Structure formats: structure tokens, C-alpha cells
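To keep things clear, I will list the structure first and then write my remarks on it.
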Number of protein chains: 2
Amino acid sequence: MRADAKRNRDRIVEVAREVFRERGYDASLDDIAKRAGVGPGTLYRHFPSRDALLDAVMQAWVDRVTDATDKALVYEGSPREFLVSWFETYVALISLHKGGPAKITSAMGVEDSPIATKTRVLLTQTQRVVDHLRAQGALRDDIDALQLCRLAGGVAVVADQGGLDADATRPLLTVLADGLLR
Amino acid sequence: MRADAKRNRDRIVEVAREVFRERGYDASLDDIAKRAGVGPGTLYRHFPSRDALLDAVMQAWVDRVTDATDKALVYEGSPREFLVSWFETYVALISLHKGGPAKITSAMGVEDSPIATKTRVLLTQTQRVVDHLRAQGALRDDIDALQLCRLAGGVAVVADQGGLDADATRPLLTVLADGLLR
DNA sequence: AACCATACGGAGACTGTCTCCGTTTAGCAA
DNA sequence: TTGCTAAACGGAGACAGTCTCCGTATGGTT
């Protein structure tokens, strides 16, 4: 890749991160291009779709997901507390920008999605949580990591779109936890 | 209201119902106007926003919700089976057109929403289900009808956006039911 | 220095939203 | 029936966002 191309690409991602956070996932792409000081053509060449851009923006986010799981797994406490706390982390992670929960959760398990690399990481980390719980025999066995993501994702979507805060979301997550454990 | 106005209004609602079902909630409103044989101005005068039109389209739907609850409440069986079956009904009802679950669930509990009349009916009927379960002492008591709608709505959104069929959705709903009952 | 593959960027086609306003008409009163 | 007017119509067009095409500019190489 030519030096000027890389410079522009990086700058677009940087600006897009800000704008997505400020204005949500619906922000105008031409506007992002303008703010980054490039033409729309340049943006669309680097990122053929909105999702492709989002995928790039989320690159750094992937590391946070893994870190968060590492931290969660050393937690000492009841499976219920562990699971609720991990759900809260999960919801927070996918709610970093408006529209995120819907975007991510509906792409979950869809291999040819433009953000498949990201959902795969999320799924892998959830699998670690599932394994951890199974090792204790605490998790019902008709549920896998994908379904767990969908359940938590569903709550996250509702919280995101309905403007629920953490206190309003927690009881919903405890219901999930209680339904999942045995 | 003048006779021609009523005629046009009815025709727009009728066409919108078809188009929303065919193409989802994002269908072009100008297109609906065209199919209904009226100008866009006429459509926008009758229905200032997409939501206002959706609200009108859903009018008939309200009766189905009440009917469905009536039927569900005479069900004889365990609370678990009852709740799962009612969840399935609930999800089906709000999934009648694409985007419906997200639209309805995020409006749930928001009094000044354009479709507030519809969510209120849904909430009232859910309350009947809650009362029914409470009478049997089967429902945990930190959860109300609104939260129940949000949980089921969350699953419905995921199912809608992720293209899950009834078989893939059922296990998610059983988790909810198990988490809600005691 | 010359070359050219690569990249740029902006004009503009296209689509959807929504408004304004000149035209038409339903319903009523004389 | 006729005439009047408020109500309703509808379409041109302003505006915004998406996305492409293509003439121009330039980084990297020989």
C-alpha cells in the first residue's frame, strides 16, 4: 500500500471512530470523509460499505474483549454472580456505540458477515465463559455459546434502543442467568 | 373528515400493510403513496411520520393481541409450558413484519411514542399473563410485565434480525421462562 | 528524469424524505 | 341548481445520503 493511501486510511478510521461514537452508527459517510479531509471516493475505495468501515473501527475493540474475559474468568464467587457480572461486561462491550448491539448480535453466527472477524472473537471469548461454567457443572446443557450471545445481545439491543441504564438492565440479565444455570 | 379524505386514508393504510409486510418497515413511503394512487403530499398529510402510518396499520392487529391472550389464558398445563407458549405467541405477534420487534420493543414503556397506543395494549395483555402466573405463585416477584415484554422483545429482535426460525428461537424462550419462574 | 500503477477527489446520478403551494373538489347554504 | 369556501389533493422540487465514474495527481521504481 502506498504511503499516502495508508495515511488516508488511518485518518478515516480515526475520524469514523469519533463520529460513530458521537452520532451513532447511522452517521453520514460522506460527512466522515469530509471531516477526514478526503473525497467520498477515497472513503468508499478503502471501505466499500458501512460495515467494512465499522469492522476497521472495531479492530482495537477486539483486544478489549479478550482482556475483559481474562479478567472475568479469575473471578471468585458463585456461578450466578459470575455469569451476571460477565453479562454486564458483555453488554457494555457491545454497546460502545449506538446501534452496536443490534449490528453485532444480528451478525452473530453469520459467517459471511462483513464484521464476522469481530463476532468470531466475541463468540470465542463467550465459549471460554461457557467452558468455565460447564467445568463446574453449573450450566444447563441445551445451550451453547452462540445462544448465550443471542440472549445477552437481545437484552443489549433493548437496552440500547430503549435507553435503559445499567440499573434497569441488571434485573433482565439476572433472569437470563437464572434461566441458564442449574 | 371529508369522504375523499377518508377514502384515501383507508387506501393508504391498506397498501402500507401489504408493502410493510413485503418489504419490511423500511419501505419507501413515496412508493406506498404511488401504489395507493395518491401524491406523497397526501400521504404525509395523513401520516406525518413513518411511525404514524405504522400505528394506523397496526390497528387491526390490536384485536389479535387480545384474542391471543384470551386463548392463552385458558390453557391448562404447567406454568412453564404456559409461559413458553405465551412467549411464542408474543414473539409471533410482534414479528408480523420485519423490523417490528425492534420498533415495538424499543417503544415499550415510552408514553409519548407514536405507537404508544399499541404498546399499551401489548403491555395490558402481558399484565394479564403476569397476574395469572402470580395467582399461582409461579412468577418471581422482582419482575413486572414491562420487563417481561423487554425480555421477550429482545429475543424477538434477535430472531427477526438474525433470521432465526421458531425452532431456533424456542430454546431461548425456555431459558427466559426458567429464569422467570420459581 | 521519466514512467505508470496506484490513489485521489469531486461532480453527479440515484434514491428516499418531506414541504410548499397552486389546483381541485366535497359539502353546504341560498 | 348554483355558487362558495374550507378541506383536500398531488406533484414539483429542495434537501440529504449513498455510491460511482473518471480525469487528475503523485509515490515509488527503473
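Since the structure is predicted, the reported quantities are computational estimates derived from the model, not experimental observations. Letters A, B, ... mirror the listed sequences (proteins, then strands); counts begin at 1. All values below come from the heavy atoms of this structure, side chains included, with hydrogens, waters and symmetry mates left out.
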Send over the distance from B:Tyr25 OH to C:dT17 P, rounded to a whole Å. 11 Å
C:dA5, OP1 or OP2 - any side-chain N/O from A:Arg2 closer than 4.0 Å? no
Between D:dT20 atom C1' and A:Leu29 atom CG, what is the distance in whole Å? 14 Å
B:Arg35 CZ - D:dG10 P separation (whole Å): 18 Å
Which of the following nucleotides, C:dC8, D:dA8, D:dA12, is nearest to the side chain of A:Thr42? C:dC8
Heavy-atom nearest pair, B:Val65 first then B:Thr69, reads O-OG1, 2.8 Å
Contact class for A:Ser28 vs. all strands (heavy atom < 4.0 Å): base, sugar-phosphate, or nothing? sugar-phosphate
Once you round it to whole Å, what is the distance between P of D:dT18 and CZ of A:Arg45? 18 Å
Please work out if A:Pro48 contacts a base, only the sugar-phosphate, or nothing of the nucleic acid, heavy-atom cut-off 4.0 Å. nothing
With sugar-phosphate meaning primed atoms plus P, OP1 and OP2, does A:Asp30 contact a base, only sugar-phosphate, or nothing at under 4.0 Å between heavy atoms? base
Check: B:Trp86 ring centre within less than 6.0 Å of B:Phe82 ring centre: no
Using whole Å, report how far CG of A:Asp4 lies from C1' of C:dC8. 8 Å
Would you mind classifying the nucleic acid contact of A:Asn8 as base, sugar-phosphate or nothing, using non-hydrogen atoms under 4.0 angstrom? sugar-phosphate
Candidates C:dC18, C:dC8, D:dG10 - which lies nearest the side chain of B:Tyr44: C:dC18
Looking only at heavy atoms, which two atoms of B:Ala159 and B:Thr169 are closest? And how far apart? CB-OG1, 3.7 Å
Using the side-chain heavy atoms of B:Arg50, tell me which of these nucleotides is nearest: D:dT18, C:dG16, D:dC9. C:dG16
Spacing of A:Ile32 atom CD1 relative to D:dC19 atom C1', expressed in whole Å: 14 Å
Measure from CZ on A:Arg7 to P on D:dG27 and round the result to the nearest Å. 7 Å
Which side-chain N or O atoms in residues 56-63 of chain B pair as donor and acceptor under 3.5 Å with protein atoms at least two apart or in another chain?
unit_1  : atom_1 : unit_2   : atom_2 : d
B:Gln59 : OE1    : B:Lys118 : NZ     : 3.4
B:Trp61 : NE1    : B:Leu93  : O      : 2.9

Separation of C:dT6 C1' from A:Arg9 CZ (nearest whole Å): 16 Å
Ion pair B:Arg140/A:Asp178, N-O distance below 4.0 Å: yes
Side-chain N,O (B:His46) to OP1/OP2 (D:dC9) below 4.0 Å: yes
